[in-house]
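We count ligands from 1, going down the list as the structure has it; atoms in each ligand are counted the same way. All residue numbers in this chain count up from 1 along the given sequence. Source: prediction; values computed, not measured.
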Amino acid sequence: MTTTPDPAAIRALIPSFSCKTDCHDCCGIVPFSDVEKQDAMKVWPLEQWERFGGKNWVARRALETGDCPFLRQGKCSIYETRPTVCRLFGATDHPLMKCPHGCGPKRKISEIKSRAILKSMEAEARHE
Ligand code: SF4
Ligand code: SF4
C-alpha cells in the first residue's frame with residue numbers, strides 16, 4: 001500500500017512568519033523525507049545523499065561540512081520545497097526549535113502536532 005498525503009496540504013499546516021533579514025542561522029544538517037529529497041533533486045540533480053535516521057535522507061555534503069548545500073549565496077535555493085523541519089523551526093513550541101532571534105508566528109503549533117506533521121511527510125513516499 002502507498003500512503004500519499006498531499007505535501008502542499010501538509011506544508012499549509014505550518015504557520016509562516018517573517019525572519020530576521022538575511023538570516024540563515026538555523027540552516028545546517030537537516031533531514032529530508034523521500035518526497036522532499038525528490039523535490040530537491042529537481043533543482044540539484046547531482047546531489048549525493050545518505051540515509052539518515054531510518055526513513056529520511058541527508059545531503060552527503062551537509063555531513064561532510066556541517067552546512068546545508070542548498071544554502072547558496074545566503075539564500076535557500078529550494079525555498080518553495082524546503083524540508084518540513086526547516087519550516088517548523090521557529091513555528092513550533094518544541095524547545096529545540098526555538099528561533100534564537102525571537103522570530104515566529106503569533107500562534108505556534110504544539111510540539112506534538114509538529115511531530116505528527118513530520119511523520120506525515122515521512123509517510124508520503126513510503127510503500128508498505
Ligand atoms: S527562524 Fe530564526 S534563526 Fe531561522 S532563519 Fe528565521 S530568524 Fe533566522
Ligand atoms: S534546505 Fe534551505 S532552509 Fe533548510 S537548511 Fe537548507 S538552506 Fe536552510
Side-chain angles (χ1 to χ4, degrees):
M1 188 176 91
T2 306
T3 50
T4 53
D6 176 1
I10 294 171
R11 288 170 182 144
L13 298 172
I14 304 172
S16 59
F17 59 93
S18 298
C19 281
K20 191 179 152 194
T21 306
D22 295 333
C23 181
H24 45 79
D25 291 350
C26 56
C27 296
I29 302 173
V30 294
F32 288 68
S33 68
D34 275 354
V35 70
E36 290 167 342
K37 170 177 164 276
Q38 285 164 16
D39 281 342
M41 292 291 277
K42 288 175 192 160
V43 182
W44 300 107
L46 297 180
E47 205 58 50
Q48 306 276 303
W49 298 86
E50 303 271 353
R51 274 289 183 190
F52 187 79
K55 299 183 191 105
N56 287 316
W57 298 90
V58 65
R60 187 178 297 163
R61 282 190 296 151
L63 292 175
E64 290 167 355
T65 65
D67 297 323
C68 180
F70 303 107
L71 185 64
R72 308 263 166 145
Q73 296 171 331
K75 303 262 182 233
C76 178
S77 59
I78 55 169
Y79 189 78
E80 293 305 320
T81 55
R82 69 195 185 286
T84 310
V85 71
C86 302
R87 295 164 190 270
L88 283 170
F89 194 90
T92 163
D93 61 11
H94 190 300
L96 297 178
M97 298 188 78
K98 193 173 171 188
C99 171
H101 306 296
C103 297
K106 208 168 177 181
R107 198 164 182 168
K108 291 190 179 190
I109 57 176
S110 71
E111 179 179 347
I112 291 172
K113 188 172 176 187
S114 63
R115 285 181 191 278
I117 288 171
L118 278 168
K119 278 267 168 236
S120 59
M121 189 62 97
E122 278 177 10
E124 158 105 35
R126 203 186 321 153
H127 299 263
E128 295 172 3

*Asks:* What is the total of protein N/O/S atoms that are closer to atom 2 (Fe) of ligand 2 than 2.8 Å?
*Replies:* 1

*Asks:* Of V58, V85, I78, T84, which meets side-chain contact (heavy atoms from CB on, under 4.5 Å) against F32?
*Replies:* I78

*Asks:* Do other residues, nucleotides or ligands put more than 12 heavy atoms under 6.0 Å from R107 CZ?
*Replies:* no

*Asks:* Just to confirm my output: which protein heavy-atom neighbour is closest to atom 2 (Fe) of ligand 1, and how far is it?
*Replies:* C99 SG, 2.3 Å

*Asks:* Can you tell whether the side chains of D34 and K37 come within less than 4.0 Å, N to carboxylate O?
*Replies:* no

*Asks:* Please evaluate residues H94 and L88 with respect to the criterion side-chain contact (heavy atoms from CB on, under 4.5 Å), reporting the C-alpha separation (whole Å), side-chain torsions for both, the decisive distance (0.1 Å), and the verdict.
*Replies:* CA-CA 9 Å; H94 190 300; L88 283 170; over 6 Å; no

*Asks:* In sequence, state the C-alpha distance, the side-chain angles, and the governing distance for I109 and L13, and then conclude on side-chain contact (heavy atoms from CB on, under 4.5 Å).
*Replies:* CA-CA 9 Å; I109 57 176; L13 298 172; over 6 Å; no

*Asks:* Backbone N or O of Q48 within a donor-acceptor pair of the R61 side chain at under 3.5 Å?
*Replies:* no

*Asks:* When you measure from the heavy atoms of G28 to every atom of ligand 2, does any distance fall below 4.0 Å?
*Replies:* yes

*Asks:* Name each donor-acceptor pair under 3.5 Å that joins a side chain in residues 70-77 to protein atoms two or more places apart or in another chain, with its distance.
*Replies:*
unit_1 : atom_1 : unit_2 : atom_2 : d
R72    : NE     : P69    : O      : 2.9
R72    : NH2    : P69    : O      : 3.3
K75    : NZ     : D22    : OD1    : 3.3
S77    : OG     : W44    : NE1    : 2.9
S77    : OG     : F70    : O      : 2.7

*Asks:* May I ask whether C26 places a heavy atom under 4.0 Å from ligand 1?
*Replies:* yes

*Asks:* Kindly indicate whether the side chain of K119, heavy atoms from C-beta on, has any atom under 4.5 Å from the side chain of K55.
*Replies:* yes

*Asks:* Check each atom of ligand 1 against the heavy atoms of K20 and keep those under 4.0 Å away; list them by number with element.
*Replies:* 7 (S)

*Asks:* May I ask you to list the atoms of ligand 1 that are less than 4.0 angstrom from any heavy atom of C23?
*Replies:* 3 (S), 5 (S), 7 (S), 8 (Fe)

*Asks:* Tell me, which protein residue and heavy-atom name are nearest atom 6 (Fe) of ligand 1, and how many Å apart are they?
*Replies:* C19 SG, 2.3 Å

*Asks:* Looking at W49, I'd like to know if the NZ or CZ of R60 sits under 6.0 Å from its six-membered ring centre while staying within 45 degrees of the ring's axis.
*Replies:* no

